[in-house]
**Student:** 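Next up is a structure, given as structure tokens.
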There are 2 protein chains.
Amino acid sequence: MLTHSEENHLKCIYHLSNKSNGAINTNAIAKSLETKAASVTDMVQKLATKGLASYLKYKGVRLTTKGEKEALKVVRKHRLWEVFLVKELGYNWDQVHDIAEQLEHIKSSTLIDKLDTFLEYPKFDPHGDPIPDANGVIASKPTTTLNILKPGDTCTVICAKDSSSDLLLFLDKVHISLGSKLEVIDYFEFDGSYSVKVDNGSAITLSTKVAENIFIDKL
Amino acid sequence: MLTHSEENHLKCIYHLSNKSNGAINTNAIAKSLETKAASVTDMVQKLATKGLASYLKYKGVRLTTKGEKEALKVVRKHRLWEVFLVKELGYNWDQVHDIAEQLEHIKSSTLIDKLDTFLEYPKFDPHGDPIPDANGVIASKPTTTLNILKPGDTCTVICAKDSSSDLLLFLDKVHISLGSKLEVIDYFEFDGSYSVKVDNGSAITLSTKVAENIFIDKL
DNA sequence: TATTATTTTTAGCTATGTCTAAATTTATTT
DNA sequence: AAATAAATTTAGACATAGCTAAAAATAATA
């Protein structure tokens, strides 16, 4: 059983490994976790002892397969809880990180899969980051935006490209949220706007600018 | 800010104070928390220093007003999370305690009230224990069962009196769950059975025995 | 009431996880 | 290549929260 601190270090190393390749520096971890290099050294040695990381003095850390598996579990929990907080409890995506940071450490062999089912197996969190499945398989970040769709196409909304509150307010007003199902009814060459049905309801109009800023999952 | 252990001790003292009156023994707390008397002494002294409990050596502890307020916050969190786990995630009421025991320690000034709203302000948890409101006001355990209702009366389901799996299975089959709205349509003198509408759906028949074992909140 | 039993506290130890400061290694620059 | 700078590790400290064993206080019993 891993401690909160061990899980945090694993997750941190996992994230840093995705940004740069090669082993991860003690200092980078310390900065990211807002702790001190000396403390990181201790934890990293502990993770190595447990077979979760490979560590060479002065050279940096990497996760082992086992360590990455554990890191992905934490990432999965964090992102699923974020979906819950935004989709179900009505938080904004910029408010949920600290709470998810705590919820990701809840220990239970069944909880997270039940939550996943409850949320209907979301593939992305409210920031657009992919959610690992129960086996630790993880997709890449979304690249498709609404404006590549043609009339007749359908999709689900993943997240906004930029999280300016102006855009969020607009989306909220037209009842587009995380996971909304959209159907493109029409496209108008004149101004590049779209007519779109939201969750099989009434059709609304979206400007090019809006369409360019909504990440989607094409169906 | 309280630690997990401090919160656990406060909650424990709160619960024991409701069972017996007078100050609470160190030993009773230790037994309840599955720890040792010496450890409890330490924590209790700490709580006293923080103004959360009044403590006299060898005489036992009581919560101060401040301490009881904090205890009630933890109880509120625990029970609301239990409702979430049962009502939303599909756990049985005998499976949720350990998970709620962890969730109750999540720190956030907004989370629990949003959860309360999401769950539509339940008054009782799945074990029938009352949930303190945001101000710490708490009702007493339910005493009313379905069999006191007359045709035309309506109520919401609080919980089952005994949690035998037979009864739970039956209730599940007829789609009666925590928070279901029931309307008594008819009562049959012959066998004491009831005709009841569940959530404004179709009418079903409940035997006297079932009716005697469902705690309700009369509307 | 004196004695024994029980409860509670104190004292001292341990483990975890953090820190600072000093020592060491690695990297950079002249 | 030597000197300096930066990064990393080690050593030693501290706080929290738990424990055991011994001491002290209280309760129960002969």
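Note that the coordinates shown come from a computational prediction; the quantities given were computed from them, not determined experimentally. Order of the sequence lines fixes the chain letters, A, B, ..., with proteins taken first and strands second; residue numbering starts at 1 for each chain.
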**Student:** OP1 or OP2 of C:dT9 sitting under 4.0 Å from any side-chain N/O of B:Gln45?
**Tutor:** no
**Student:** What integer distance in Å separates A:Leu56:CG from C:dT25:P?
**Tutor:** 15 Å
**Student:** Is any side-chain nitrogen or oxygen of A:Lys57 closer than 4.0 Å to OP1 or OP2 of D:dT10?
**Tutor:** yes
**Student:** Is it the case that the ring center of B:His78 lies less than 6.0 angstrom away from the ring center of B:His97?
**Tutor:** yes
**Student:** Please report the distance, rounded to the nearest Å, between CG in A:Asp42 and C1' in D:dC14.
**Tutor:** 14 Å
**Student:** Are B:Tyr55 and B:Leu47 packed together at the side-chain level, in the sense that at least one heavy-atom pair is separated by less than 4.5 angstrom?
**Tutor:** no
**Student:** Taking the basic N atoms (NZ, or NE/NH1/NH2) and the acidic carboxylate oxygens, is any pair closer than 4.0 Å for B:Arg76 and B:Asp113?
**Tutor:** yes
**Student:** Regarding A:Ser39, tell me which of base, sugar-phosphate or nothing describes its non-hydrogen contacts under 4.0 Å with the strands shown.
**Tutor:**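 Base contact.
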**Student:** Could you work out which one of D:dT8, D:dA11, C:dT8 sits closest to the side chain of A:Tyr58?
**Tutor:**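 Looking only at heavy atoms from C-beta outward on A:Tyr58, the closest nucleotide is D:dT8.
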**Student:** At 4.0 Å (heavy atoms only), tell me whether A:Asn25 reaches a base, stays on the sugar-phosphate, or touches nothing.
**Tutor:**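 It contacts sugar-phosphate atoms only.
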**Student:** Which part of the nucleic acid, if any, lies within contact of A:Thr26, taking any heavy atom under 4.0 Å across all strands shown: a base, the sugar-phosphate backbone alone, or nothing?
**Tutor:**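 Contact class for A:Thr26: sugar-phosphate only.
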**Student:** Nearest nucleotide by nearest heavy atom, which residue falls closer to the 5' end of DNA chain C, B:Asn27 or A:Glu34?
**Tutor:**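 This one resolves to B:Asn27.
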